[in-house]
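Okay, so here's the structure we're looking at.
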There are 2 protein chains.
Amino acid sequence: MKNIALVEDCCPPLLETALSAEDAERMAVAFRVVGDPTRLRLLSMIATHPGGEVCACELVEPLGLSQPTISHHLKVLFEAGLLGRERRGTWVFYRVSSGPLEALRSALATTPN
Amino acid sequence: MKNIALVEDCCPPLLETALSAEDAERMAVAFRVVGDPTRLRLLSMIATHPGGEVCACELVEPLGLSQPTISHHLKVLFEAGLLGRERRGTWVFYRVSSGPLEALRSALATTPN
DNA sequence: TCTTTGTATCGACGTTTGTCTATATCGAAC
DNA sequence: GTTCGATATAGACAAACGTCGATACAAAGA
């Protein structure tokens, strides 16, 4: 979970050609990012928020987890490329990056594209 | 990872409406199933195999893991509903179930449907 | 500068997960 | 029934992960 664009270059279509060990590892890392309920809810909350953008401060209380925990999950999502981040004053705003999500999605395609 | 059709009823579109804690948990479990490199390679190998069907015995050696480990992963995939299973004599044949994979995929859709 | 408030990092802890070896179970053939 | 080969389960162990409280850092305002 290091590179910004982790998800971007992870995802040859799974069912089309046999996956190499390296591709499988990359893809697995990407799917593990969305394999956590808190991160899924964060994505969902941010995407459905009016304006498509949410202050991190609004995400702590509704999930009932500590601020460090939410911060950690936001970081994981950001580093995977699934979230964009913008600082405005003291606040940090997040929005969902649809491209990488689509990349992940395409990996699961059951018909050639 | 209990029910056969785990993936079937896991997956409201993530970005359309805010996910409940329960939906998030179900969906996370489903994504964790495909969040392992060995399971991804198994899916890939089975799907790309001529006939779309593979004997479990053919899956052990190419992955370089022990037979119990492969058996374990096949079980996880099967119980998630991602693999179909058929016993023929001593052998067990697996094939990919495209429906559940599509269900998982649809959860990541960035456009309404 | 000092305080305040929002955010990120650190270090620790318990749980989950993937792997192994050993062993049990299953099905077929003798 | 016994044996043999394929598959599944049990139990153990290490590594990875999610969570927390404490603390550091950043930005704005007094």
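Among the protein residues, A:Phe93 comes within range of no part of the nucleic acid, since none of its heavy atoms lies under 4.0 Å from any strand. Across all strands, B:Arg85 comes closer than 4.0 Å only to sugar-phosphate atoms, never to a base (heavy-atom distances).
Between the side chain of B:Gln67 and the base of D:dA6, no donor-acceptor pair of N or O atoms lies under 3.5 Å.
Ion pair B:Glu22/A:Arg41 not flagged as a salt bridge, since none of the NZ, NE, NH1 or NH2 atoms sits closer than 4.0 Å to an Asp/Glu carboxylate oxygen. For the pair A:Glu53 and A:Arg88, the salt-bridge criterion is met [side-chain N within less than 4.0 Å of a carboxylate O].
Atom pair B:His73:NE2 and D:dA8:P shows a separation of 14 Å (rounding to whole Å applied). Here D:dC17 presents its P atom at 18 Å from CG of A:Leu65, a figure rounded to the nearest Å. Computed from coordinates, the B:Glu79 CD to D:dT7 P distance equals 18 Å when rounded to whole Å. Per the geometry, CZ belonging to B:Arg87 stands 9 Å off P belonging to C:dC26, to the nearest Å. One atom, CD of B:Glu58, and another, C1' of D:dG5, lie 16 Å apart when rounded to the nearest Å. Between the OH atom of A:Tyr94 and the C1' atom of C:dA8 there is a distance of 9 Å, rounded to whole Å. Nucleotide D:dA8 holds its C1' atom 11 Å from the CG atom of B:Leu74, rounded to whole Å. One atom, CG of B:Leu63, and another, P of C:dT19, lie 10 Å apart when rounded to the nearest Å.
Between A:Thr90 and D:dA28, a side-chain N or O to OP1/OP2 separation shorter than 4.0 Å is absent. Considering only side-chain N and O atoms, A:Thr69 lies nowhere under 4.0 angstrom from the phosphate OP1 or OP2 of D:dG21. Proximity of B:Lys75 to the phosphate of D:dT9: a side-chain N or O atom is located under 4.0 Å from OP1 or OP2. Under 4.0 angstrom from either OP1 or OP2 of D:dG18 there lies at least one side-chain N or O belonging to A:Arg39.
In the set D:dT19, D:dA8, C:dT9, the nucleotide with an atom closest to the side chain of A:Ser71 is C:dT9. Distances from the side chain of B:Val92 to the nucleotides C:dT7, D:dA8, D:dG21 place D:dA8 closest.
In terms of modelled atom types and a separation under 3.5 Å, the side chain of B:Arg39 and the main chain of B:Val34 share no donor-acceptor contact.
DNA chain D is contacted by both A:Trp91 and B:Cys57; B:Cys57 maps to the nucleotide lying nearer its 5′ end (nearest heavy atom per residue).
Between the CG atom in B:Leu83 and the CG atom in B:Leu74 there is a gap of 6.5 Å [rounded to 0.5 Å].
Cation-pi geometry between A:Arg85 and A:Tyr94 is not met: the NZ or CZ atom fails to fall both under 6.0 Å from the ring centre and inside 45° of the normal.
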